[in-house]
Number of protein chains: 2
Amino acid sequence: MSQKRVPVAVDAVHCATCMMGNVCLPAGMPNHEVEQLDQLVKERIKLKKGDILYRSGEKLDALYGLRLGSVKSQLEEATGQVQITGFFLPGEIIGLDGMLDGEHGTNAVAMEDSEVCVVRLKDIDDISRYVPSLQQQVRRVMSKEIARTYQVMLALGSMRSEARLAAFLVNLSQRLSALGYSSTDFIMRMSREEIGNYLGLTLETVSRLFSRFARDGLISVSQREIRILDMEALEELAGHQAS
Amino acid sequence: MSQKRVPVAVDAVHCATCMMGNVCLPAGMPNHEVEQLDQLVKERIKLKKGDILYRSGEKLDALYGLRLGSVKSQLEEATGQVQITGFFLPGEIIGLDGMLDGEHGTNAVAMEDSEVCVVRLKDIDDISRYVPSLQQQVRRVMSKEIARTYQVMLALGSMRSEARLAAFLVNLSQRLSALGYSSTDFIMRMSREEIGNYLGLTLETVSRLFSRFARDGLISVSQREIRILDMEALEELAGHQAS
DNA sequence: CGGACTCTTGATCCGCCTCAAGTAATGTGG
DNA sequence: CCACATTACTTGAGGCGGATCAAGAGTCCG
């Protein structure tokens with residue numbers, strides 16, 4: 001629990017000057033409106049690897065924009081079942097579930113040293129009085145999350161294991177590419193077990209699939225370092241259903 | 001395509017007098033605010049069984065509150081894969097995905113003769129100027145949908161088939177009960193195949209499970225008519241994970 | 001250098017899918 | 001209302017994909 005809350009200095013980076021401005025909450029907003037968001041983020045939180053941003057059941061009064069690092073969110077049932085519901089990269093918004101009863105429904109854990117912008121719901125409502133499109137942005141982000149989970153449902157419900165992992169890699173590649181990183185060479189921040197949990201597979205199956213993909217010349221793998229050698233083949237695989 | 005659009009007469013039922021008022025979009029709003037929503041729904045759509053409310057790719061400019069009947073939404077990939085992403089009951093909101101680029105990402109199909117209230121996004125934004133809590137309600141509904149899909153991810157990712165179906169029945173029972181229907185006796189509007197698709201199983205497996213649950217005295221089944229005989233046992237089953 | 005993870009790989013097993021056949025419900029046109 | 005077609009569901013037999021169990025290798029970190 002080494003969460004460190006830091007107030008945002010008056011002259012510090014705001015949304016208008018943040019490098020994530022084009023992918024984060026303000027994505028697509030006209031410049032003159034983004035400039036009005038300078039009071040939106042009054043605080044940031046620095047997280048060390050393994051730190052918990054929030055726990056299921058805690059009161060929710062803010063969303064978090066990931067600025068740096070990576071975070072996973074996971075659902076934990078009383079029965080002991082755990083399901084990772086998402087891996088978040090910089091520019092993505094964390095904490096969208098649980099706004100119905102004001103309580104988080106998942107845990108959010110930093111997968112490496114990370115930093116998030118705290119966006120209080122109260123401030124969203126206040127600011128959207130004079131920046132009406134802000135509400136639309138929030139809806140947009142939530143809608144995007146819903147669309148993402150539908151894709152995961154499709155993967156879990158009707159793809160064979162190799163298609164799931166291929167789709168996972170292609171998706172990760174695209175998101176990293178949108179952030180300006182290489183789309184073919186990257187480091188996965190998650191373990192085999194976490195990937196397996198997310199995709200409804202065991203860690204052994206994930207490991208075997210990585211080996212097979214490598215043997216077939218689709219990728220090369222060294223621990224969590226991935227190089228995609230044949231993107232087309234991966235996309236082809238990802239498009240194949242169970243039967 | 002026998003969609004029938006009907007304008008809402010000035011003296012017709014509005015949110016404040018609608019029977020669904022306590023479960024639909026206005027759920028939890030104070031009465032004096034619900035009364036201000038009389039301009040929110042200017043149109044309703046009557047659907048016959050099999051009618052399509054919207055198709056993937058169509059422009060989205062409204063949400064739909066289901067007033068009567070039942071509707072399924074399904075993701076269709078170019079590859080031919082189909083995944084049912086939700087079964088909607090009266091009082092539930094349809095069309096929450098696809099608000100990011102203004103296009104629906106799924107198809108919505110009536111599973112029986114149904115009727116929906118059309119809630120235009122423009123009207124939401126207009127009305128929320130003088131009813132600020134309306135935006136929170138929209139967030140709430142979207143957040144609830146996200147939380148629901150997380151539960152489905154858990155089911156698809158780490159439950160065995162009998163746990164999935166048990167959880168499905170318990171969930172359906174609870175939602176029907178909240179609508180004032182019996183929690184133990186109801187008719188499922190969906191086919192074995194649709195249930196199977198939603199739960200990531202084949203129709204044969206679903207059929208076998210129904211038979212087994214009946215043989216074990218948990219339920220009695222006659223086609224789509226279900227009677228739950230041992231709710232506790234079902235809940236117990238639903239809480240069991242794969243291993 | 002030791003100890004704890006994380007990952008890989010093999011052998012075996014089982015849950016669910018596939019394929020197949022038959023029965024029951026529902027719909028349709030005469 | 002009946003004959004017929006169509007669709008929905010049930011049940012069985014067999015096969016396979018991924019889980020489980022188990023052992024060993026590589027990597028990280030004190």
Side-chain angles (χ1 to χ4, degrees), chain A residues 48-50 72 81-84 109 111-113 155-169 187-216 219-226 237 240-243, chain B residues 48-50 72 81-84 109 111-113 155-169 187-216 219-226 237 240-243:
Chain A
K48 290 230 161 287
K49 180 174 177 176
K72 67 173 172 177
Q81 289 156 302
V82 175
Q83 174 70 41
I84 295 177
V109 184
M111 301 172 69
E112 59 183 317
D113 292 3
L156 295 181
S158 60
M159 285 180 174
R160 43 173 49 254
S161 63
E162 60 175 14
R164 289 186 212 176
L165 188 64
F168 175 78
L169 288 175
I187 292 178
M188 299 179 297
R189 250 54 239 213
M190 56 294 275
S191 68
R192 303 287 188 264
E193 182 168 19
E194 288 169 326
I195 297 171
N197 180 292
Y198 181 65
L199 297 177
L201 304 169
T202 58
L203 69 98
E204 292 95 329
T205 298
V206 173
S207 177
R208 273 185 255 268
L209 286 169
F210 275 129
S211 301
R212 194 163 93 214
F213 286 176
R215 202 179 321 127
D216 295 351
I219 60 177
S220 74
V221 199
S222 166
Q223 296 301 117
R224 302 190 180 181
E225 214 176 308
I226 286 273
L237 259 188
H240 276 332
Q241 61 220 67
S243 56
Chain B
K48 289 229 162 288
K49 180 175 176 174
K72 66 173 172 178
Q81 288 157 301
V82 176
Q83 175 69 42
I84 294 178
V109 184
M111 302 171 69
E112 60 183 316
D113 292 3
L156 296 180
S158 61
M159 285 182 176
R160 43 170 56 249
S161 62
E162 58 175 15
R164 289 185 213 177
L165 189 63
F168 175 76
L169 289 174
I187 293 178
M188 298 179 297
R189 248 57 240 209
M190 55 293 275
S191 69
R192 303 287 188 264
E193 183 169 18
E194 288 170 325
I195 297 172
N197 181 291
Y198 181 65
L199 296 178
L201 305 169
T202 58
L203 68 98
E204 293 95 329
T205 298
V206 173
S207 177
R208 274 185 253 269
L209 286 169
F210 275 130
S211 301
R212 194 164 92 214
F213 285 177
R215 202 180 321 126
D216 295 350
I219 59 176
S220 73
V221 199
S222 166
Q223 297 299 117
R224 301 191 181 181
E225 214 177 306
I226 285 272
L237 259 189
H240 275 334
Q241 61 222 64
S243 54

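Atoms considered below: every heavy atom in the structure, side chains included; atoms not considered: hydrogens, waters and symmetry mates. Just so it is clear: chains get the letters A, B, ... in the order the sequence lines come, proteins before strands, and each one is counted from 1.
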Review point. Can you tell me how far OG1 of T205(A) sits from CZ of R212(A), rounded to the nearest 0.5 angstrom?
Key: 10.0 Å
Review point. To the nearest Å, how far apart are L199(B) CG and dG15(C) C1'?
Key: 16 Å
Review point. Of all the choices, dT10(D), dT8(C), dT9(C), which nucleotide is nearest to the side chain of S211(A) once you look at every atom?
Key: dT9(C)
Revision key, fill the gap. Whole-Å distance, R164(A) CZ to dG17(D) P, equals 14 Å
Exercise for review: Could you tell me the separation between the CZ atom of F210(A) and the P atom of dT6(C), rounded to a whole number of Å?
Suggested key: 16 Å
Study note, to complete from the structure: Residues F213(A) and L237(A): closest non-hydrogen pair is CE2-CD1, 3.6 Å
**Study point:** Separation of dT6(C) C1' from I195(A) CD1 (nearest whole Å)
**Key:** 12 Å
Review point. If you find the nucleotide of DNA chain C closest to S161(B) and the one closest to K49(B), which residue's nucleotide is nearer the 5' end?
Key: S161(B)
Check your understanding: Side chain of E204(B), base of dC19(C): donor and acceptor closer than 3.5 Å?
Key -> yes
**Study point:** S191(B) vs dA8(D): side-chain N/O to OP1/OP2 distance below 4.0 Å
**Key:** no
Exercise for review: Indicate yes or no: does K49(A) engage D113(A) in a salt bridge with an N to O separation below 4.0 Å.
Suggested key: no
Exercise for review: Would you kindly give the CD1-to-C1' distance between I187(B) and dA25(C), to the nearest whole Å?
Suggested key: 14 Å
Check your understanding: Taking side chain as C-beta onward, heavy atoms only, is F168(B) less than 4.5 Å from V206(B)?
Key -> no
Check your understanding: Are any of R224(B)'s side-chain N or O atoms less than 4.0 Å away from OP1 or OP2 of dC9(D)?
Key -> yes
Review point. If you draw a 6.0 Å radius around CD in E193(B), do more than 12 non-hydrogen atoms from other residues or ligands fall strictly inside?
Key: no
Check your understanding: Of the nucleotides dG17(D), dA19(D), dG10(C), which one has an atom closest to the side chain of R160(A)?
Key -> dG17(D)
Review point. For the base of dT18(C), is there a side-chain donor-acceptor partner from R208(B) under 3.5 Å away?
Key: yes
Exercise for review: Could you state the atom-to-atom distance from CE of M159(A) to P of dG17(D) in whole Å?
Suggested key: 17 Å
Review point. What nucleic acid atoms does G200(B) come within less than 4.0 Å of, heavy atoms only: base, sugar-phosphate, or nothing?
Key: sugar-phosphate
Check your understanding: Can you check the E225(A) CD to dT6(C) C1' distance for me, whole Å?
Key -> 16 Å
Practice item. Would you indicate which nucleotide in dC7(C), dT20(D), dC16(C) comes nearest to any side-chain atom of T202(A)? Key: dT20(D)
Check your understanding: Is any side-chain nitrogen or oxygen of R192(B) closer than 4.0 Å to OP1 or OP2 of dT10(D)?
Key -> yes
Review point. When only distance counts, do a donor and an acceptor, one from the side chain of Q223(A) and one from the base of dC28(D), lie under 3.5 Å apart?
Key: no
Point to revise | Residue L201(A), side-chain atoms from C-beta onward, closest of dC16(C), dA19(D), dT9(C) | key: dA19(D)
Exercise for review: Using atom CZ of F213(B) as one end and atom P of dC9(D) as the other, report the distance to the nearest whole Å.
Suggested key: 17 Å
